[in-house]
Participant: 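First, the structure itself, so that you have it in front of you.
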Amino acid sequence: MLDNNSFTPHGKHLIAGEWVAGDQTFASEPAHGPAHDFSVGIVALVDRACEAAEEAFWTYGYTTREARAAFLEAIADEIEARAEAITEIGSQETGLPEGRLQGERGRTTGQLRLFASHIRTGDYLDRRHDEALPERAPLPRPDLRMIQRPIGPVAVFGASNFPLAFSTAGGDTAAALAAGCPVVVKGHSAHPGTGEIVAEAIHAAIAKTGMPAGAFSLIQGGKRDVGTALVQHPLIKAVGFTGSLGGG
């Protein structure tokens, strides 16, 4: 439940536009304030999220740069619309001071808008065309073209010590979405409520801009078998990870 200043988590995963509860739950351990129950991530949800991401890729991966830029900016807008509630639950869960969380939120929305601007201008595109030389000796040269294209679904792991800028909608997620790659996030159990409210912002931006629901999913914290399944899933083409040596 959300208003402009507070947020009560419902404790569910977001899988391709659907909030999904699980049979098992874990309780958050906030530095202060109330604890909340969250569904535990399971391997079956990894399959579901990755399959939805792959299906979405064939639409999302071929959207225009302008459409993706508008999507990134909509995510930033939706995060800012939840600013006070994000600060409140983020501070409760992590113990970080409000000023630090406000600054990190600004960094997060700044990253989203920076990638939007970057792909709009198209300066990063390195298109090359070497025309065929059929008469070249000793061997002919075929027609060669190089362009940048999205590679497919990307997994992102939330960081414990950066609940915003290196987590659900942080730099890894922003970069992947900018490139046209759907994202499956494994949320960090240290700040599941913060992950959920940011996922709600992304969910709202998807609805606002008409993007495919499978472009983003959030699986809440689970055992390491969930992370292993996500990294090893055949539909996942890249991984963004910030975390411990053991987790890595």
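The first residue of the sequence shown is numbered 1, and numbering continues consecutively from there.
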Participant: Looking at every non-hydrogen atom in both residues, tell me the closest pair between Gln111 and Ala165 and how far apart they are.
Facilitator: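 Smallest heavy-atom distance, with atoms named: NE2-O, 3.5 Å.
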
Participant: If every non-hydrogen atom of Ala205 is compared with every non-hydrogen atom of Thr209, which pair is closest and at what distance?
Facilitator: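 For Ala205 versus Thr209, the nearest heavy atoms are O-OG1, 2.7 Å.
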
Participant: Taking 4.0 angstrom as the limit, do Asp37 and Lys12 come out as a salt bridge?
Facilitator: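 Salt bridge absent between Asp37 and Lys12.
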
Participant: Quick check: does any side chain N or O of Thr94 sit under 3.5 Å from a backbone N or O of Leu96, one acting as donor and the other as acceptor?
Facilitator: yes

Participant: Should His10 and Glu200 be marked as a side-chain contact (heavy atoms from CB on, under 4.5 Å) after you check the CA-CA gap, both sets of side-chain angles, and the distance that decides it?
Facilitator: CA-CA 11 Å; His10 49 61; Glu200 282 199 354; 3.6 Å; yes

Participant: Would you kindly confirm whether Val239 and Val226 end up in one hydrophobic cluster when ILVMFWY residues are joined by side chain heavy atoms under 4.5 Å apart?
Facilitator: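 In one cluster with Val239: Val226, yes.
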
Participant: Decide side-chain contact (heavy atoms from CB on, under 4.5 Å) for Val184 and Val156; before the verdict, give the C-alpha distance in whole Å, the side-chain angles of both, and the deciding distance to 0.1 Å.
Facilitator: CA-CA 6 Å; Val184 178; Val156 173; over 6 Å; no

Participant: Between Glu104 and Leu164, is there a donor-acceptor pair closer than 3.5 Å when you use the side chain of the first and the backbone of the second?
Facilitator: yes

Participant: Is Ile15 close to Ile219 at the side-chain level, that is, under 4.5 Å between some pair of heavy atoms?
Facilitator: yes

Participant: Membership question, hydrophobic clusters at under 4.5 Å side-chain separation (ILVMFWY): are Leu230 and Phe166 in the same one?
Facilitator: no

Participant: I'd like to know if Arg120 pairs up with Glu73 as an ion pair, taking the criterion as any Lys NZ or Arg NE/NH1/NH2 lying under 4.0 Å from an Asp or Glu carboxylate oxygen.
Facilitator: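 A salt bridge links Arg120 with Glu73.
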
Participant: Please give me the minimum heavy-atom distance between Leu72 and Ala116, naming the atom from each residue.
Facilitator: CD1-N, 3.8 Å

Participant: Looking at Phe162, I'd like to know if the NZ or CZ of Arg100 sits under 6.0 Å from its six-membered ring centre while staying within 45 degrees of the ring's axis.
Facilitator: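 Yes.
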
Participant: Between Tyr62 and Phe57, how do the two ring planes meet: parallel, tilted or perpendicular, split at 30° and 60°?
Facilitator: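 Ring orientation, 0 to 90° scale: tilted.
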
Participant: Could you check whether Glu98 and Thr87, counting side-chain N and O atoms only, form a donor-acceptor pair closer than 3.5 Å?
Facilitator: no

Participant: Taking the six-membered ring for Trp and the single ring otherwise, decide whether the centroids of Tyr124 and His118 are under 6.0 Å apart.
Facilitator: yes

Participant: Honestly curious: do Ile236 and Tyr60 fall in one hydrophobic cluster under the side-chain, below-4.5 Å linking rule?
Facilitator: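 Different clusters: Ile236 never reaches Tyr60 through Ile, Leu, Val, Met, Phe, Trp or Tyr contacts under 4.5 Å.
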
Participant: More than 12 heavy atoms of other residues, nucleotides or ligands under 6.0 Å from CG of Asp143: is that the case?
Facilitator: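 Above 12, so yes.
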
Participant: Any chance you could measure Arg68, atom CZ, to Cys181, atom SG, to the nearest 0.5 Å?
Facilitator: 8.5 Å

Participant: Hey, quick one: are Leu218 and Val154 part of the same hydrophobic cluster, counting side-chain heavy atoms closer than 4.5 Å, chains of contacts allowed?
Facilitator: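 Leu218 and Val154: one cluster.
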
Participant: Where is the tightest heavy-atom contact between Leu101 and Ser91, given as atom of each residue plus distance?
Facilitator: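 That closest heavy-atom pairing would be CD1-N, 3.0 Å.
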
Participant: What heavy-atom pair brings Ala199 and Phe216 nearest, and what distance separates the two atoms?
Facilitator: CB-CE2, 3.9 Å

Participant: Using the rule given for side-chain contact (heavy atoms from CB on, under 4.5 Å), can you reason through His129 versus Leu144, listing the C-alpha separation, both sets of side-chain angles and the distance that settles it, and then say yes or no?
Facilitator: CA-CA 6 Å; His129 180 206; Leu144 300 173; over 6 Å; no

Participant: Looking at Lys208, I want to see if its NZ is surrounded by more than 12 non-hydrogen atoms of other residues, nucleotides or ligands under 6.0 Å.
Facilitator: yes

Participant: Can you tell me how far the CD atom of Gln220 sits from the OG atom of Ser39, to the nearest 0.5 Å?
Facilitator: 8.0 Å

Participant: Are His13 and Trp19 an aromatic pair by the rule of ring centers under 6.0 Å?
Facilitator: no

Participant: Working to the nearest 0.5 angstrom, can you tell me the gap between Ile197 CD1 and Ile202 CD1?
Facilitator: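 Spacing of CD1 (Ile197) from CD1 (Ile202) equals 12.0 Å.
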
Participant: Taking Glu93 for the side chain and Gly193 for the main chain, is one N or O donor matched with an acceptor at less than 3.5 Å?
Facilitator: yes

Participant: Hey, any chance Ile79 and Leu14 share a hydrophobic cluster, counting ILVMFWY side chains that come within less than 4.5 Å of each other, even indirectly?
Facilitator: yes

Participant: Heavy-atom count check: over 12 atoms from other residues, nucleotides or ligands less than 6.0 Å from Glu55 CD?
Facilitator: no

Participant: Does Arg136 CZ have over 12 foreign heavy atoms under 6.0 Å away?
Facilitator: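 Yes, enclosed.
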
Participant: For the CG atom of Asn161 and the OG1 atom of Thr242, what is their distance to the nearest 0.5 Å?
Facilitator: 8.0 Å

Participant: Hey, does the side chain of Thr109 reach the backbone of Arg105 with a donor-acceptor pair shorter than 3.5 angstrom?
Facilitator: yes

Participant: What pair of heavy atoms forms the shortest contact from Ala215 to Leu177, and how long is it?
Facilitator: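 Result for this residue pair: O-CD2, 3.8 Å.
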
Participant: Just do the salt bridge (Lys or Arg N to Asp or Glu O under 4.0 Å) check on Arg113 and Glu80 with the steps written out, would you?
Facilitator: CA-CA 12 Å; Arg113 292 198 167 97; Glu80 289 177 344; 3.0 Å; yes

Participant: Let me see the working for Lys223 and Ile42 under side-chain contact (heavy atoms from CB on, under 4.5 Å), right down to the final yes or no.
Facilitator: CA-CA 8 Å; Lys223 296 181 180 178; Ile42 57 174; over 6 Å; no

